[in-house]
Structure formats: C-alpha cells, structure tokens
A.B. asks: 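Take a look at this one; I'll ask things after.
Sequence lines set the chain letters: A, B, ... in the order given, protein chains first and strands last, and positions in each chain run from 1.
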2 protein chains.
Amino acid sequence: MARKRFDDSSCSVARALNEVGDWWSLLVVLHAMYGTRRFVDFQQELGIARNILCDRLARLVDNEVLKKVDVGEHGSRFEYRLTEKGRDLFPIVIALRQWGDKWNPAPDQPALDLRDRATGRPIRQVAVQNADGDSLTVRDVFVRDDEVSDTPKDKKQVG
Amino acid sequence: MARKRFDDSSCSVARALNEVGDWWSLLVVLHAMYGTRRFVDFQQELGIARNILCDRLARLVDNEVLKKVDVGEHGSRFEYRLTEKGRDLFPIVIALRQWGDKWNPAPDQPALDLRDRATGRPIRQVAVQNADGDSLTVRDVFVRDDEVSDTPKDKKQVG
DNA sequence: CTAATAGGGTTGCATTTTAAAACCAGATTA
DNA sequence: TAATCTGGTTTTAAAATGCAACCCTATTAG
C-alpha cells in the first residue's frame, strides 16, 4: 500500500519528515546548499533517476523548500534555488553530517573540515543548548506543560 | 527496482541518511528518546505496520542505534534501548522539531515547550555555530581544503 | 493448574514506489 | 541546419509498504 504520510500529525517532527524525510530530499537540499541549481547537475551529482528527481524537486517546490526560477533568455530554462525555509535546514544537514562523520567515518578520507568564513576557525558541533549555551542531552530536558490536554498521557512526551 | 543505498558513499550525510533517513526510523528514535522501549508501544504510538516496525528495529539494532535487551524473567521479553550513537541523534531530532514548528506549525496547538531540567528555562534554537558560539548560515562557512584530491572539482563542496 | 490474553514477531497478498532506460520537444551551440 | 543540451514523461520490472491473518512463547486471572 501507499506510504503513510504525516501531513496532519500533531507531531512537528513527523510533519517535518513528511517534507524532507525521504531518501533523496535532504540530499537534494544539501547539494542546493553548495551551489547546485540545475536539473542535470542534481541528476549527475546525486546519481538519482530522472523521474524520481522530477518528483522530489516538484515536492520540494510545493513545500516551498525550493523555488523554481525561469532563467531562460529566449525561452524557458530553469533553476531550483533554496528558499529561506530551505536554507533553514542548514543545522539539520550539518548535524547529520557530523553524526555521520562521528559514527560512520569514511575509512579512506578525513571528515570534511567546515570553517567560519569570517574567522577561518572550525565550526562547533551542532548541539541542543540551554539559554546559557551549555550542551544538553536528551535526559537534560523536559516538556513544559502549560495547557490542559484531552489526552493526559501525551503531556510529558518529548515528541 | 531496489531503493538506492549509500553505504559506501563518500558523503557522510548520505551515509547517515542510509541509517536513519527513511520515513520511520527517526520517528522510532524520537519515541525511544521519550521513553518507549517495547515493540507493542512503538507499534501503537506510531501506527506503523508490524512487519515494517520489525524491519526498522532490526536495522536500527544492526546499525547500533538501538540495542535489543532481553528483560524476560522466565523466558524472553525484549526492550529496545538507545545506544550512545542513538542518543547522539538528539540534536538532529530537535532541529527537525524546531524546523517543523517554525515552518509548519500545527494550526490548533502550540509548539512543544522544551526546557532545561536544571534551570527550567527554554532551550535555544539548534544552530550551526562558530568557535565563539555565533550562529552561522550556509553562506558563512567554507570547506578547508587540506589534502590533494584526485577529483579537484569536489574540493570546494560543502557536501 | 488451566484458560485467556499480551508480547513479539512472520507470512501472504494487493498496492505503491523506485530505478533504469527509452523517448521527446523546446533551447542552445557548432 | 544539424547536433546537442535541458528538462522532463513513459514504460517496465523489482522492491518496499500496509494490512490482515496467523503463530509461538510469556504472563496473568481465576
């Protein structure tokens, strides 16, 4: 049967995954972040089937992660560019990269060394932080429980 | 045809997505983070098909994101618990939640209010930061290019 | 002690998705 | 004007998904 979707889920993680949680979408966004804009370039860099790429690009455009821009001179020629919403996926992509580098390092080559353009110094590990900037683990957080819920058992869930 | 996998990709984002980049895996991890440990509980909370849940749990165990613990008294009874590798997905899950809350807020209910257990104050927005703790956008970073590569065109890629 | 039920799956089947390759029409370049 | 590039759509076969039914082993109620 069809893949289950979470458009209307009350969980914002599920709703986020609904837009960028498939095998290709985040890789498309990643390549867009380092400059790829054209259909053929995505296709060649990712090695993705053309029909799947079509579908993913269209969905990302529908969800306003990318915008499709006609840059043709005498006709139509398209570019796919990140929107602010798409650029806002940066921490997620970098966190995934750091997790991958830490737990599944490539045997042959070193991890990509990302640096601050302004200072030339390496970026930090992406982390959940408290107001003071201290890193927090999953055990250090709780859910503030303002409102009355009809489903009391959901109240303490992190998700 | 078979879904394409990225086990041996040189891109650590692709390798990460290979382990947790499908529709269900990160939701399983999320629920594990707020305490779910039993097969039936995952199944009911997520509304996932049992065979798919089986498959996902097994893969997460294979990838050492979860460990399967026999907690039976007189026989076998299992729990699935996060490993350190799994707990290390916390920033990714939280970043996804924040992105979902920001760009696809639930119409009816407010976003989950996560707080530091120690201080009671809200957590920060997950961000990519430089050494000083300043937030960086995708345009603020570059790839430090130490080593000589056989494929020069890859050298400046963020991904 | 026995019956009933909960836990943790596996199997079979119909439906979707995916990958790969072929094909196509409108720009662009030689 | 022909060849090629761009950005797709179509076709086909393999794989993944969802659902329901089934199964065996604990645990619990009586």
A.B. asks: Measure from CD1 on A:I48 to C1' on C:dT17 and round the result to the nearest Å.
C.D. replies: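 Taking atom C1' of C:dT17 as the reference, CD1 of A:I48 is at 13 Å.
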
A.B. asks: Is it true that a side-chain atom of B:W99 and a backbone atom of A:S12 form a donor plus acceptor pair closer than 3.5 Å?
C.D. replies: no

A.B. asks: Do A:E45 side-chain atoms and A:H31 backbone N/O form a donor-acceptor pair below 3.5 Å?
C.D. replies: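 Here the side-chain-to-backbone pair does not exist.
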
A.B. asks: Rounding to an integer number of Å, can you tell me how far A:D70 CG sits from C:dA27 P?
C.D. replies: 10 Å

A.B. asks: Taking only side-chain nitrogens and oxygens of B:W23, does any of them come within less than 4.0 Å of OP1 or OP2 of C:dT16?
C.D. replies: no

A.B. asks: Would you say B:Y80 places a side-chain N or O within less than 4.0 Å of OP1 or OP2 belonging to C:dG9?
C.D. replies: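 Yes, within the criterion.
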
A.B. asks: Whole angstrom is fine here: how far is it from CD in A:Q43 over to P in D:dC5?
C.D. replies: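 A:Q43 atom CD is separated from D:dC5 atom P by 14 Å.
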
A.B. asks: Rounded to whole angstrom units, what separation is found between the CG atom of B:L57 and the P atom of D:dT17?
C.D. replies: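 About 14 Å, once rounded to whole Å.
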
A.B. asks: May I ask you to say what A:F42 touches in the nucleic acid, namely base, sugar-phosphate or nothing, with a heavy-atom cut-off under 4.0 Å?
C.D. replies: nothing

A.B. asks: Which nucleotide, C:dT18, D:dA16, C:dG9, lies nearest any side-chain atom of B:R56?
C.D. replies: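 Shortest atom-to-atom distance from the side chain points to D:dA16.
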
A.B. asks: From D:dC19, C:dG8, C:dA19, pick the nucleotide closest to the side chain of B:R38?
C.D. replies: C:dG8

A.B. asks: Would you kindly give the CG-to-C1' distance between A:L46 and C:dA19, to the nearest whole Å?
C.D. replies: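 About 14 Å, once rounded to whole Å.
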
A.B. asks: Between A:K68 and A:R3, who's closer to the 5' end of DNA chain D by nearest nucleotide?
C.D. replies: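 Mapping each residue to its closest nucleotide by heavy atoms, the 5'-most match is A:K68.
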
A.B. asks: Taking the minimum atom-to-atom distance to the side chain of A:F39, which one of D:dG8, C:dG9, D:dC19 wins?
C.D. replies: D:dG8

A.B. asks: Would you kindly compare B:R77 and B:D22 by the position of their nearest DNA chain D nucleotide and give the one closer to the 5′ end?
C.D. replies: B:D22

A.B. asks: Determine whether the aromatic ring centres of residues A:W24 and B:F6 are separated by less than 6.0 angstrom.
C.D. replies: yes

A.B. asks: What's the closest nucleotide to the side chain of A:F78 if the choices are C:dT11, C:dG8, D:dG7?
C.D. replies: D:dG7

A.B. asks: Nearest-Å distance, CG (B:L53) to C1' (D:dC19)?
C.D. replies: 14 Å

A.B. asks: For B:D88 and B:E84: C-alpha separation, side-chain torsions, deciding distance, then whether side chain to side chain contact (heavy atoms under 4.5 Å, CB included) applies.
C.D. replies: CA-CA 6 Å; B:D88 224 18; B:E84 193 195 340; 5.7 Å; no

A.B. asks: Please assess A:L82 against A:M33 for the test side chain to side chain contact (heavy atoms under 4.5 Å, CB included), listing each intermediate value before the final yes or no.
C.D. replies: CA-CA 7 Å; A:L82 286 168; A:M33 281 179 183; 3.5 Å; yes

A.B. asks: Find the distance B:N51:CG to D:dC23:C1' and express it as a whole number of Å.
C.D. replies: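 The answer, rounded to whole Å, is 15 Å.
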
A.B. asks: Give a yes or no on whether the backbone of A:D41 and the side-chain of A:T36 come within a donor-acceptor separation of less than 3.5 Å.
C.D. replies: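 A pair under 3.5 Å: no.
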
A.B. asks: When only distance counts, do a donor and an acceptor, one from the side chain of A:R50 and one from the base of D:dG7, lie under 3.5 Å apart?
C.D. replies: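 It does, because a donor-acceptor pair links the side chain of A:R50 to the base of D:dG7 below 3.5 Å.
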
A.B. asks: Kindly point out which of C:dT28, C:dG8, C:dT11 is positioned nearest to the side chain of A:H74?
C.D. replies: C:dT28

A.B. asks: Is B:D55 touching bases, backbone alone, or none of the nucleic acid, heavy atoms closer than 4.0 Å?
C.D. replies: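 Touches nothing.
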
A.B. asks: Let me spell it out: for each of B:Q44 and A:W24, pick the nucleotide of DNA chain C with the closest heavy atom. Which residue's pick is nearer the 5' end?
C.D. replies: B:Q44

A.B. asks: Specify the separation, in whole Å, of atom CZ of B:R59 and atom P of C:dG9.
C.D. replies: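 That distance rounds to 16 Å.
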
A.B. asks: Relative to the 5' end of DNA chain C, which residue comes earlier, A:V71 or A:I52, by the nucleotide with the nearest heavy atom?
C.D. replies: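 The answer here is A:I52.
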
